[in-house]
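Please read the structure below before turning to the comments.
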There are 2 protein chains.
Amino acid sequence: MAASTLTEVARLAGVSPATASRVLNGSARIPGKDIADRVRQAAESLGYIPNAQAQGLAKSSSGLIGLIVHDIADPYFAAIARGVQEAAREQHKMVLLATTVGAPDSEKEAVAAFAARRADSIVIAGSRTSRAEDLEGNTELAAELDRYCRNGGHVSVIGHGIVGAAAADGYHVVNVPNEELAAHLATELATSREEDFVIVGGPEGLFTSDDRIRGFQRGLASAGLPAADVIRTDFTRAGGFEAGLALAARITASQPGTETKRLCIFAVNDVMAIGAAAALRSQGLRIPRDAAVAGFDDIETLRDFRPALSTVHLPLEEIGRQAASRAAGPSADDAGSPPITGQVILRRSTEVAHPTSAESVA
Amino acid sequence: MAASTLTEVARLAGVSPATASRVLNGSARIPGKDIADRVRQAAESLGYIPNAQAQGLAKSSSGLIGLIVHDIADPYFAAIARGVQEAAREQHKMVLLATTVGAPDSEKEAVAAFAARRADSIVIAGSRTSRAEDLEGNTELAAELDRYCRNGGHVSVIGHGIVGAAAADGYHVVNVPNEELAAHLATELATSREEDFVIVGGPEGLFTSDDRIRGFQRGLASAGLPAADVIRTDFTRAGGFEAGLALAARITASQPGTETKRLCIFAVNDVMAIGAAAALRSQGLRIPRDAAVAGFDDIETLRDFRPALSTVHLPLEEIGRQAASRAAGPSADDAGSPPITGQVILRRSTEVAHPTSAESVA
DNA sequence: CTGTTAGCGCCTTCAA
DNA sequence: TTGAAGGCGCTAACAG
């Protein structure tokens, strides 16, 4: 027993399908008042639900927003997804989800799938990469997106634009000032401190990571400090943990006698920072006494972590929302939404050690 | 410039649309070898992407899985979503996301929207409620689901079944043994301890919460202990925090002289537990010294929280995956997937206070 | 094995 | 204002 159709409703109401359509979905005036009620009633009694596929086919638009993330369980992406979802709700659309593991070819597939479903727009979150091995994948992805745009689709990419993507119509980028913010964080951290800085970064070629590293180094430089060592590892908690272990060894080794500066560790995202902190702790080191740790993103779920993590707040939800609404066209706010900004937040994890202040909570 | 169609491909290849369809999508044999290649090449050169809407309309099935959650940014739901997403990928389907704030009527809308899109199946996560004020909403939701099922849809609900939903065809429930596990947690906690138990629960009528409360009380009873006080609050971190504040006052008040037992707080989910812990800490109390805290769910992102939180591990991802594949029909594993089980995990937050063990990490 | 003929359910000109 | 007719892109029966 398939769902009832518009035709059935029309028949029951004693009108033509066209009329029924106008009453139930169309936009133009339908003052048939008497007839309109009959149709509505018929629809109601039949439990009529319009077939979105058919509607979409007829007017070639689907009311779908495609969202591509690396992993929906990652709090970073989950927060963005929430923003996208909210925007979608406002636009009376639904979001179609695709998760790739950052692999460009898998992203390409997702774009093709969205294109097949005639998604009205696509939001791509998750960092772009410039690694040589991804070059081909990136090119194909760019081509796929380009085709999608040429067919009238709207794309908005969060962070960096797709490598090799021509600035086509309907192609937007929501810029996140990773570099500037990282620089800002570095200068804040460099102020009135005397410590060695180390950066725990993701794999080379990951834009988000590279931008943050570059920015941090720049900030250090502008504060007259030497460049920090950079440890490359996975862009995950596990990666942070691994790096943390190495750093713990380094700290422990330099303990005896030598007047050592405290280590200040900047992990390019919060999750890595937490991993690094866990590693230090597992080696009996304490934060911020033995080392300072800072992250990036200000993930909500991690805010109760102790010692409270210094980080850079990013309005993730707003980023997602903006990406989704920008792709919807310049409808609402012609002025365009305001650029994304972040904010350095210094908390306990990078406090200068005051031996006595045990209870100071950020 | 709209995307190219199958007809165009067919024309370019000099064959009929039907043939082209068979080559590009159909399943039956298409050994036209020579012709098949021509078609494929034509498709390639035109950048042909099948229109899923049209395909869906023609074969009345959409390749879509609808997922309903309260909030995709909540790590609990995000983890489930990951599981659903994985199952979807295996089924070569895509997931359509809808977030409700737990409001039955909003869930009803989501179901209708999924039905409109002819989703092949729907997964509903997020706790069911039995509050009087939700009765009407629940009934409508049940009706909507029932209709959806009658039209051939498959539904699987995580946790409790929808209140008032008749066991229709295609309606499945993925049971989560909340009560048993909570009971188990209680008995573990009750062993060799002498403390007062308090439960921080969600609003009355929330099945997930109520089940866990009931189970915990049962466990306490079977250990010969009196029932614990129950504090009702929001099913969120903020709720946990609020309750934690009240409890902190209670603890502080009873400090002087009176031989007081330590308080053991069971929050019905991890996020609430974290909130409660934060509240205690904000009042200068320490865990587990001044109070023990336990949660439920074993949220991954929270595992680095210190003191490590005792909790009940739930295979969230597997739950999502199972829900999605069960709804896909008894295709893969006829034996049906194994029932969901959890596991009590005792960590630092409920350790019996050993004044000297400062570095014992769970 | 391939082409032809009908729809799938809806919307949208175009007449009436 | 309402109805009739055609088409959105594809698939599924039939023919050939």
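These numbers come from a predicted model, not from an experiment. To find a chain, count down the sequence lines: A is the first, B the second, and so on, and within it residues start at 1.
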Value in whole Å for how far the C1' atom of D:dG3 lies from CZ of A:Arg38: 14 Å
Per the end-axis method with five pairs at each terminus, what is the bend angle of the helix from C:dC1-D:dG16 to C:dA16-D:dT1, to 10°? 40°
Rounded to the Å, how far apart are B:Gln53 CD and D:dC10 P? 11 Å
If you take all heavy atoms of B:Val9 and B:Leu24, which pair is closest and at what distance? CG1-CD1, 4.3 Å
Atom CG of A:Asp34 and atom P of D:dT1 are separated, to the nearest Å, by 12 Å
Taking for each residue the nucleotide of DNA chain C with the nearest heavy atom, is it B:Ser16 or B:Leu57 whose nucleotide lies nearer the 5' end? B:Ser16
Listing request: all salt bridge (charged side-chain N to carboxylate O under 4.0 Å, His left out) pairs with a residue in residues 92-116 of chain A, at least two apart in sequence or in separate chains. A:Lys93-A:Asp120, A:Glu107-A:Arg128, A:Lys108-A:Glu140
A:Ile49 has an atom CD1; how far is it from atom C1' of C:dC10, in whole Å? 15 Å
Non-neighbouring partners of B:Phe207 that pass ring pair (Phe, Tyr, Trp, His ring centres under 6.0 Å), sequence neighbours left out: B:His160
Suppose the criterion is side chain to side chain donor-acceptor pair (under 3.5 Å): which pairs have a residue in residues 55-66 of chain B, not counting sequence neighbours? none
Grab the two heavy atoms, one from B:Ala87 and one from B:Ser325, that are nearest each other, plus how far apart they are. CB-N, 4.4 Å
What is the separation between atom CZ on A:Arg117 and atom P on D:dG9, rounded to the nearest whole Å? 17 Å
Let me confirm one number: the CD1-OG distance from A:Ile124 to A:Ser156, rounded to the nearest 0.5 Å. 8.5 Å
Taking side chain as C-beta onward, heavy atoms only, is A:Ile68 less than 4.5 Å from A:Thr100? yes
In the structure I gave you, are the side-chain heavy atoms of B:Tyr171 and B:Val157 within less than 4.5 Å of one another anywhere? yes
Would you say C:dC8 has OP1 or OP2 under 4.0 Å from some side-chain N or O of B:Ser60? no
How long is the line joining CD of A:Glu8 and P of C:dC10, in whole Å? 9 Å
For nucleotides 11-15 of chain C, give me every protein contact, N/O to N/O, under 3.5 Å, one pair per line with atom names.
from, atom 1, to, atom 2, distance (Å)
C:dC11, OP1, A:Asn25, ND2, 3.2
C:dC11, OP1, A:Gln55, OE1, 3.1
C:dC11, OP2, A:Ser21, OG, 2.5
C:dC11, OP2, A:Asn25, ND2, 3.2

Side chain to side chain donor-acceptor pair (under 3.5 Å): which pairs involve residues 81-92 of chain A, sequence neighbours left out? A:Arg82-A:Glu317, A:Arg82-B:Asp71, A:Glu86-A:Arg321, A:Glu90-A:Arg321
